[in-house]
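No hydrogens, no waters, no symmetry mates; every other heavy atom, side chains included, goes into these values.
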Amino acid sequence: MILIKSPIQIKKMKAAGRVLALLLDELEAMIAPGISTHELDAFADSFIRKHGGRAAFKGYTIPGLPPFPGSICASVNDGIVHGIPSRKTILAEGDIIGVDVGIELDGYYSDTARTYKVGSVSEAASKLLDVTNQALYIGIDAARAGKRVGDISHAIESFVRASGFYCADDLTGHGIGKALHEEPMVPNVGMPDRGPRLKEGMTIAIEPMVNIGTNRVIEKGWEFFTADQSLSAHFEHSILITANEAEILSCAGGI
Ligand code: MG
């Protein structure tokens, strides 16, 4: 069942999203050659606690895997998503790093992701980040009451393909709010006018994951990588469906 949120629930989701937006800005200032993904994770965990929240990914379980150990997912270069933060993963000049983070605050969830440049990066990496970020906003623009989930998927897929890149297989966005993952699934590829109908008050996380060289993915435990080791980027926002343009809930202007 797809839940419709009340104005009070939306307000709580905005408060949660605001903490994440502030956190991603703080991380941007920290990301530089020489820092480990463990340091970013430790900072994120304490930042979330300081704001009264709980890191929603930490301890998250799915069948067949140990609980996720990080407060953020930190996916470097060919890492697509769910990268486990580590003291051994030290960022280097020219890397790209996707940081995905979820929070639970006052019973409500928010989920967001951004991919950062470490120092200066290749032209291809820079284009990948631009295209993936634009794909997110194109998906958000397609997410309106009366449209269907497939319209979001199709908008993202068409733009990514026209840009010469690939949406990663099997990985999707999702409903969010009372839980980190709610219905519906929000794929990054699909047909227009298919899937569940969007209604005012629905809250979903849209999250294009875009690879330079292939749509194929390799799964190693929690972590997903591109099958050809080409670079991958990830941007995500939690949004509210309205009659017009969707409202971004994971932004610093929330509340
Ligand atoms: Mg998500």
Side-chain angles (χ1 to χ4, degrees), residues 9 12-31 35-77 79-91 97-116 168 170-183 185-186 203-207 209 217 219-225 232-238 249-252 254:
Q9 291 177 308
K12 291 187 175 193
M13 289 184 70
K14 281 186 190 174
R18 180 170 178 274
V19 175
L20 295 186
L22 295 173
L23 169 60
L24 289 187
D25 287 346
E26 294 280 334
L27 291 177
E28 179 144 38
M30 291 173 71
I31 287 172
I35 196 163
S36 74
T37 54
H38 165 76
E39 286 169 88
L40 301 176
D41 186 56
F43 178 84
D45 192 72
S46 77
F47 188 92
I48 289 170
R49 281 171 199 277
K50 217 163 52 186
H51 287 80
R54 178 182 70 81
F57 296 173
K58 195 169 193 137
Y60 190 84
T61 51
I62 55 173
L65 288 175
F68 191 80
S71 292
I72 60 169
C73 296
S75 306
V76 180
N77 294 334
I80 303 172
V81 281
H82 306 168
I84 295 175
S86 167
R87 290 175 200 276
K88 290 182 195 153
T89 307
I90 313 284
L91 299 180
I97 175 173
V99 175
D100 188 357
V101 61
I103 185 174
E104 188 239 312
L105 181 71
D106 198 13
Y108 288 84
Y109 287 81
S110 192
D111 188 2
T112 187
R114 212 182 273 181
T115 301
Y116 303 91
D170 305 333
L171 295 156
T172 75
H174 49 92
I176 183 163
K178 287 289 285 174
L180 180 60
H181 296 117
E182 295 181 351
E183 289 182 44
M185 276 187 12
V186 184
T203 48
I204 58 174
I206 297 179
E207 49 179 320
M209 288 153 267
V217 305
E219 227 176 312
K220 298 179 187 167
W222 276 104
E223 303 182 306
F224 284 79
F225 298 89
S232 182
H234 179 207
F235 286 86
E236 175 179 18
H237 272 308
S238 298
L249 301 175
S250 46
C251 68

* Would you mind reporting whether His38 and Ser86 have side-chain heavy atoms less than 4.5 Å apart? => no

* Output all residues satisfying side-chain contact (heavy atoms from CB on, under 4.5 Å) with Ala168, sequence neighbours left out; order by chain, then residue number. => Ile80, Leu171, Met209, Asn211, Val217

* Asked: If we only count heavy atoms from C-beta on, is the Met30 to Ile35 side-chain gap below 4.5 Å?
  -> yes

* Identify the two heavy atoms, one from Gly102 and one from Ile48, that lie closest to each other, and give their separation to 0.1 Å. => O-CD1, 4.2 Å

* Asked: Just checking, is any N or O donor in the side chain of Tyr108 or Gln9 under 3.5 Å from an acceptor N or O on the other one?
  -> yes

* Asked: Yes or no on side-chain contact (heavy atoms from CB on, under 4.5 Å) for Tyr116 and Leu24, after CA distance, side-chain angles and deciding distance?
  -> CA-CA 10 Å; Tyr116 303 91; Leu24 289 187; 3.3 Å; yes

* Asked: Taking only residues two or more places apart in sequence or in another chain, which ones pass side-chain contact (heavy atoms from CB on, under 4.5 Å) with Ile90?
  -> Ser36

* Any side-chain heavy-atom pair of Trp222 and Ile62 under 4.5 Å -> yes

* Asked: Going by heavy atoms in the side chains, are Ile97 and Ile31 under 4.5 Å from each other?
  -> yes

* To do: State, yes or no, whether a side-chain contact exists between Asp100 and Ile72 at a heavy-atom distance under 4.5 Å.
  => no

* To do: Could you tell me whether the side chain of Glu26 and the main chain of Leu22 form a donor-acceptor pair under 3.5 Å?
  => no

* Asked: With no hydrogens and no angle check, is any side-chain donor or acceptor of Thr112 less than 3.5 Å from a backbone partner on His237?
  -> no

* For Glu219, all residues meeting side-chain contact (heavy atoms from CB on, under 4.5 Å), sequence neighbours excluded -> Phe224

* From CA spacing to verdict: side-chain contact (heavy atoms from CB on, under 4.5 Å), Ile84, Glu223 -> CA-CA 7 Å; Ile84 295 175; Glu223 303 182 306; 3.7 Å; yes

* For Thr115 and His234, indicate whether the former's side chain and the latter's backbone hold a donor-acceptor pair under 3.5 Å. => yes

* Asked: Sub-3.5 Å donor-acceptor pair from the side chain of Asp41 to the main-chain atoms of Gly70, do we have one?
  -> no

* Could you give the distance from CG (Leu249) to NZ (Lys14), rounded to the nearest 0.5 Å? -> 7.0 Å

* With Asp111 via side chain to side chain donor-acceptor pair (under 3.5 Å) - residues at least two apart -> His174

* Asked: With sequence neighbours left out, what residues match Ser110 under side-chain contact (heavy atoms from CB on, under 4.5 Å)?
  -> Ala16, Leu20, Ile103, Ser238, Ser250

* Of all pairs that satisfy side-chain hydrogen bond (donor to acceptor under 3.5 Å, both in side chains), the ones with a partner from residues 51-60, not counting sequence neighbours -> Arg54-Glu104, Arg54-Tyr109, Tyr60-His181

* **Validation row: Asp25, Arg114 side chains within 4.5 angstrom (heavy atoms)** => yes

* To do: Given side-chain contact (heavy atoms from CB on, under 4.5 Å), test Ile176 with Met13 step by step and report yes or no.
  => CA-CA 9 Å; Ile176 183 163; Met13 289 184 70; 4.0 Å; yes

* **Beyond-backbone contact of Phe43 with Leu23, side-chain heavy atoms, under 4.5 angstrom** => yes

* Does a side-chain heavy-atom distance below 4.5 Å link Ser71 with Val101? -> no

* Is Glu236 reaching over with its side chain to a backbone N or O of Ala205, donor-acceptor style, under 3.5 angstrom? -> no

* Could you walk me through whether Cys73 and Phe57 pass the side-chain contact (heavy atoms from CB on, under 4.5 Å) test, one step at a time? => CA-CA 8 Å; Cys73 296; Phe57 296 173; 3.6 Å; yes

